[in-house]
Structures are given as C-alpha cells and as structure tokens.
Protein chains: 2
Amino acid sequence: MKQFEVTEDFLRELEGYIEEDNKEKVKEIILPLHSVDIAEILADLDNSSAQYVFLLLDDDTAGEVLAHINDDERIGFLNSFPAETIAKRFIYNMDTDDAADVMGSMPEEQRDEIFSHMDDVEQAGDIVELLNYDEDTAGGLMAKELAVVNENWTVLTCLRELSRQAEHLDEIYNIYVVDDDDKLKGRLSMKKMIFSPTSTKINNLYYPDVIYVKTDESAEAVAHIMQKYDLVAIPVVDSIGRLVGRITIDDVVDVIREEAERDYQMMSGISQEIDTSDSIWAQTRARLPWLIIALFGGMISAYMISRYEAEIALFPVTAMFIPVITAMGGNVGIQSSAIVVQGLASNTLKANNSWRNIMKELGSSMLNATICSSVIFLLTLLFDLDSLAMPIAVTISLFIVIIFASIFGTAFPLMLNKLKIDPALATGPFITLTNDIIGLNIYLIVGRIILTAF
Amino acid sequence: MKQFEVTEDFLRELEGYIEEDNKEKVKEIILPLHSVDIAEILADLDNSSAQYVFLLLDDDTAGEVLAHINDDERIGFLNSFPAETIAKRFIYNMDTDDAADVMGSMPEEQRDEIFSHMDDVEQAGDIVELLNYDEDTAGGLMAKELAVVNENWTVLTCLRELSRQAEHLDEIYNIYVVDDDDKLKGRLSMKKMIFSPTSTKINNLYYPDVIYVKTDESAEAVAHIMQKYDLVAIPVVDSIGRLVGRITIDDVVDVIREEAERDYQMMSGISQEIDTSDSIWAQTRARLPWLIIALFGGMISAYMISRYEAEIALFPVTAMFIPVITAMGGNVGIQSSAIVVQGLASNTLKANNSWRNIMKELGSSMLNATICSSVIFLLTLLFDLDSLAMPIAVTISLFIVIIFASIFGTAFPLMLNKLKIDPALATGPFITLTNDIIGLNIYLIVGRIILTAF
C-alpha cells in the first residue's frame, strides 16, 4: 500500500459511481485504501454519499474509519444509524480508547442507548471506566487493550494467555508483568520470551525497570516523558500501582502537535483552535477579541500622544519616529518572550533560575540595544533635521525601549508560569501592546526633555 | 523505574562523591538511572567529572548515553578517549542510526580513525551507507536494524532467523517480508506468526498492505505520513523497492517538534534555533538581523511621515492615531498568515485552492473590519477633537488597512509556498513591517484627503 492523497479527480470519479449506484466499482476503489484515507474521503462527500460508502465497508474497517472521523462530522453521521447498529457493528470493532472518544462525543441519551445494546460486557465496562477520566490526563489517553502476564506464570502459560489476549490487539508492542494483585512489576521482552525454554518462569525473565505514569498525570506530562525516554508505549497505573491501561505514542503525537499549535496561535493572537476549513464566523470569533484589545491599547497610545500635542505642533518631526520606536519595542518583546515560552515548554529552562535568565537577557539586550541605537543614530542623520536634538532623543529612547522590552518580555512569561497561568499568553498581542504603550511613553518623555534642553 | 528529574541537590551530592573518588557511591546513584537521565547529568557536570562517571558505565549503557548527549558536547567529550575505545566500546554498542549521527558529527579524520578500529564489518558498512544520506531525508533518519524474513520461509525458519537478528534489536515492532531480491513485499504480524503452526509458509501469513517511504523522501514528509497513519515504525526502500531500513516514531517525534519550533521562532523573529542555554552572543546573533531589518523598515515609515510634516504641524492630532493603525495592520496580518502557515503545515489547506482561501479571508476580514471600524469611530468621539474629519479619516483608514493586511497576510505565504520558499517566513517581522509601512501610507493619504476636504 502506498500513501494516498485525496484528489478532486478521485472524488468526482467516486461520486459518479455512487450516482450510478455501482456498488462494485465503489468497493473496488475504496476497499484497498487505509481507514485514515477512507475517513478523509467520507469527510469530503455529502452526508448521504458518505453513508452509502460507509455501509459497503466490513465491520472492522467501519470501526476504524469511525475512529478517524472528526467529532463534529461523526455526530451527524452516526445519527443516521440505529443505536443497535452503532453498538454491535461499529463500537464492537473499535479499540477501547477510540470507542471511549466516540462515545464521549455523543449526547448522554444516545450514549446510554448504545450501551444498552452492547453484548460485550467487558468492553462496555472498559469504556465506562475510560469515560470517567478527564480527557487531558493519562487516563483519558489510555486504552484498556493490554498484553499482560503474571510474574508467576511460565513462558508456556504466557504464550497461551497472550494468544487469547491477542484477539483484541492489533499488535503487541510491550508485554507488561503484574503480580497477583495486578500491580505493575515490569516488562517482558517479546523476543526474550520467544527464545526462552517454555518452562522458564516469567519471574526470571522480566525487566523491572519500566517507566510508567499514573492515571491523573496530565497529557502534556505524558507527552514529555514519552519524548524524553523515546517510548513507543507507556503503561498506566492507578493510585495504588495497579496496571489499568497503556498509552501508545501515536495518541501522544497529537498532544505534542496540538500543544505546539496552541502556543503558535496564542502568539499570533488567535484565541481558540481554528483552521482554514472553519467557517468565516468561527474564524472571526477567534480573531476579534485580540483585535478589540489591540484597538483599546491603540487608543491609550492615542491618548498619550494627545497630551503631547503642543510639542508635536512645535516639532512635527517627533511624529516621524513613533512607528520605529513602537515596532522595535514590539519585536524585541516578542523575541524575548518566545525564547522563554519555548524554554519552558521544552523543559530546558528551569523556572527556579528566573533571576539568572533575566540577567542573561539583560546582557543580550544591552548588546542589541547598543548596536541598534548606533545604527539608528546614523540613519537619523540622513534626514534633514535642524539640530542633533532629535537624533539624540531617538537614540536614547530606542536604547531604553529595547532594554525595557526585553526585560519585560522575559520576566512576564516567567511570572505567569509561577502563577500557573499559561506563559504563552505573554507572547501574543498583549506583550506587543504593552511594549507599544510603554515604549511610546519613554519616547515622548525623553523627547520632551531633550528637545526643551536644546 | 520512575521518571527522574535532575535537581541541584542531586548534582551536589554526586559532585561530592566524585571529589572523594567514591566509585561505589557514584555507581549506586547513577547505574539505576535511564541512559537519557545519565546523559542529562553528564551535560550538567564539568568535563572531567563527566568522564569520571562515564568510565563507570557498562559498555551498553555508555553507547546509549552517548547517543543522547547533544552534538556540541559530544565532540569535546569524545576527544578525551582514544579512537579504539570509541570504536570498540561505544560505537559497537549503538544502533546504526545513533552511531551514524555520532560519526556524522565528528571531523572526517577522527571518523576515519574510528572506522579503522571497528571489528564489526557489517556495522561499519551500515554506518558508511547511512552517512551517505542527507540527514533531512528518510535515509538520514532510518536505522539498519531490521527484523526481516523471506516470503518463502516457513514459520520455523523465521523463528530461527529472527532469533539471530534479534541480537541487534532492542525490540521487534514489525517484521518485514521480502522476496529473493530483497524487495519489500509486506509485513508479518508477530502475533499471527507465533500462533501459527511452525510449518506454515510466510507467503500465506503476511499482509501485503504495508505503507513505506523511499530513502529520498523528506523528513517532514515521513513525519506527516507516520502521523496520518498512526504508525510506530515505517520501512524504507531504495529506488528499486528493496528494503534498506526502518524509521521508528521516536526519531520522527523530534522532527515534528523541531518543525513546530522552527515556525514558532520564525514568527517571533529569531533566525536560528536557539534556546535559553545558548550564550549571550549566540542569542544576539539570532535576534539582531530581524531587529536591524525592523529598524530600516521603521526608517522608511519615518521618511513617509516626514513628507507629511506640514499636515502634522497643522493637524497634530494626525500623529495620535499612527500607533493604532500600524498595530492593527500588524496584528491582522500575523493572524492571517499564521492560519495559512499552520494550514499548510498540517496539510488541511490544499495549496491549489488559493483563490478560495483568499476570498474566504476577504469575507472574514470584512466582518472584522466593519466591527473594528465601528468601535474605533465611537472611541475617537471620546477625544475632544474639533471636527468629525479626524474620526472619519481614522475609521476609513482602519477599514482599508484591515482588509489589506488580511489579504496580504493570506496571499503572501501562499505565494512563498508556490515558490517553494518556507511560508513561515511570511509570519515573522517581515509581514508586520510591510503592513506597518503600507498601513501608515493608507492612513496618511486618507487623512490628507479627508482633512483637506473638510
């Protein structure tokens, strides 16, 4: 199987066959595809065509496809099937973590009705358990499908038991070892087990050094641990150390990506997760709050300038350098806060070293401020200004603004982090705004002092 | 084993034992740790202490620790060992992908000397092969360690052969099936193999539907495919379809994170990957170029304003609204370009729909512009302005600036993408700068027209 991209041509061909009610042709082009691709195709079709295709899938594939359809589309899609079909054909064939996600995205009545039609009591119980966990915790990420053996078993018993457990598993990545109380003891290497005599006791084979997380660990912490230790799967234990599930890296990759995207959107002044496919109204709603805040910030700047109207009337050149001062303050502030936010996110920055970081930033900003101020002094000389007063005022202001913006840009996210507020908030329009206003004030004050002194 | 965080206390205790030359105590606290944590500790110690600890590790752990030390530190660290030790103790115990990374980060002479001391000719050959690939391609990411069986073998032969191959493998995630020409045919489920009669032919057991990549596929594309299909490992084939290696998700997670970080740094105006631990000079070097560009941009703004000096002297209130116009243009532009860049990165935005995206952005920005303009009109009325001329000029300017900035913010990254330039370039200070200058111009022109008309 090669990876597959949905093209307009493919969709038109498929829609043609659906219109002709040509089931054979539809199957011929759909069935060889991966469930992820089928889910993508269904999302591109109208609802009745999507159902037409969906009903041609075997139950196993249907379950997998369902797990890959996004929440909003799934609700509308599932509504057209009776609860019994959903329970016995689709949910039955899904892994518990996917099934819990699907059930969790449904209204409660529909969910209860589906539960009432489920024959596999064990699976139903697992799903109910998973639904109890907050979706941003290890419990919310984990699946109940496990390859697990008792420390007192022999290799032979293990092989027999695993063969039974394997019915519910796509692939065995790790075999976990528990004691008689179901407490996690370690992990067993598949390779070591296969190549050991069948009478060997598991006690003599397993590695006790297994990294695990508790059910209430945050999704971000799980992502961090799995990345740090290069883990493909991690076992999850409850508060008394009993093995209750496992998380695989593919579920965590989404957490990692979403985290990075959230920081990115925060910095660009977008208040919620949106993408190009969202409606105009959804996009506006995500963007407008920041714009309104920026607008009010701009009016504060306007008010401050209005208090210097007399000076500006006398020295209109003052207005010339307003944009460069505000832009430089904004840029420096964003750079500083981005470095801190990324350092905190990747754990390379230890939050208890705040002072050391601020002092280092001071060093770096002194260097930047000195270079930038020298450059701006030379550039202002190119303008046909009457005296040196304006170049000197601009140079001194820029120096102070850069130092201030970088200290503020470093200290503010560190402070938010201490207060347990997402430091990424400090990278958005807020920091630009604050630096704009304060930078402008510095410039106007320095300008007034120097221009009146000359 | 629980996950571990390096603390100041731990480091002080360790340094104490090293100073006392207390090998037993050092071993006692270091050996139970994961190689990732040991690597982190070594990075925090001075060079001689780090070597002291490193020499106490067994060869297997030493190889793993070496793979986790970052490039810069590793070079200094390895220089203190003879080439023979590096070859026979450290490289010998590493996976081929890690070994190739370590060798690739060395000067050529040192690398050749280490190769001359390697006894395992097969491993040396594998490393040489891996070093030939660009590190940003599938070939550069892959490892040569594979569990691979021939389609004509029986389960019994497979088990015997896998037991031999497994010596070089930490864990078997996937068993790949090849034909007599080493061409990739499919994958074999470990679970299916174990629970089949030993005389079964592999031909009758394997799944032919395996997703693979070619060696020259870009690292980003590999990351995208593995994420899309939730893969833990993916086989790599050469240009004629022969199986040459495999990539595991832990190596790809780094690619995903680095990609997100690059976009983030691009947006914040930082020209290269830096973090809080880099030197002041390195940080300044990464930040200064953008600041200098912003400075020149600011001077263009200054020049433009200087051409309106007469108007500003006459109507000093004009200066009041310069910051709000530039800030709004900048914010809208960043929002728009961030949505496009993220859409392109996650493949939810199809590049051939440029026009549809631009038209949609036009719709959204009309809505934003209408609301923001209405708000600013009301806010300007709060100021004690002599006539309605200024409020009207500001309102009209803001409307045009928002529309322009959002269209430009959408179209520019799409255009860069078409030209095969990283669209994330369009999110940085460059777009703010351009929007600043053009927004200012719009404001000054509209202001001149309306103020002279009244």
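Fair warning: this is a prediction, and the values are worked out from it, not measured in the lab. Computed from heavy atoms alone, side chains included, the values below leave out hydrogens, waters and symmetry copies. In what follows, chains carry the letters A, B, and so on, assigned in the order in which the sequence lines appear, proteins first and then strands, with residues in each chain numbered from 1.
Residue Phe383(A) touches chain B through its side chain alone, counting heavy-atom pairs closer than 4.5 Å. The parts of Tyr303(A) that come within reach of chain B are both its backbone and its side chain, each placing non-hydrogen atoms under 4.5 angstrom from that chain. Only the side chain of Ile249(A) comes within contact range of chain B, with heavy atoms under 4.5 Å apart. Proximity to chain B is limited to the side chain of Ile371(A), based on heavy atoms less than 4.5 angstrom apart. Of the two parts of Thr380(A), the backbone and the side chain both hold a non-hydrogen atom closer than 4.5 Å to a non-hydrogen atom of chain B. Contacts of Ile256(B) with chain A are made by side-chain atoms alone, with heavy-atom separations under 4.5 Å and no backbone atom involved. Contacts between Ile322(A) and chain B at a heavy-atom distance below 4.5 Å involve the side chain alone, from C-beta outward. Contact annotation for Leu398(A): only side-chain heavy atoms (C-beta onward) come within less than 4.5 Å of a heavy atom of chain B. Both the backbone and the side chain of Ser336(A) come within contact range of chain B, each with at least one heavy atom under 4.5 Å from a heavy atom of that chain. The contact between Val324(A) and chain B is made by backbone and side chain atoms together, counting heavy-atom distances below 4.5 Å. Heavy-atom distances place the side chain of Asp436(A), and not its backbone, under 4.5 Å from chain B. Proximity to chain B (any heavy atom under 4.5 Å) is shown, for Leu291(A), by both the backbone and the side chain.
Note on Gly186(B), Gly330(B), Cys372(B), Ser365(B): by heavy-atom pairs under 4.5 Å with chain A, the leading option is Cys372(B). Contacts with chain A were tallied for Met304(B), Met366(B), Gln335(B); Gln335(B) has the most, counting heavy-atom pairs under 4.5 Å. No other option in Phe296(B), Trp290(B), Phe315(B) has as many heavy-atom pairs under 4.5 Å with chain A as Phe296(B). Here Thr284(B) is the residue among Thr284(B), Val36(B), Ile312(B), Ile334(B) with the most heavy-atom pairs under 4.5 Å with chain A.
Atom CE of residue Met299(B) and atom CE of residue Met320(A) lie 6.5 Å apart, to the nearest 0.5 angstrom. In this structure, CD1 on Ile402(B) lies 7.5 Å from CG on Leu295(A), to the nearest 0.5 angstrom.
A donor-acceptor contact closer than 3.5 angstrom is absent between the side chains of Tyr229(A) and Asp250(B).
Taking Ser301(A) as the reference, Ile437(A), Leu440(A), Pro323(B) meet the side-chain contact (heavy atoms from CB on, under 4.5 Å) condition, with sequence neighbours excluded.
For residues 308-327 of chain A, the pairs satisfying salt bridge (Lys or Arg N to Asp or Glu O under 4.0 Å) are Glu311(A)-Arg448(A), with sequence neighbours left out.
The side-chain contact (heavy atoms from CB on, under 4.5 Å) test with Arg287(A) singles out one residue from Leu367(B), Asn331(B), Val332(B), and that residue is Val332(B).
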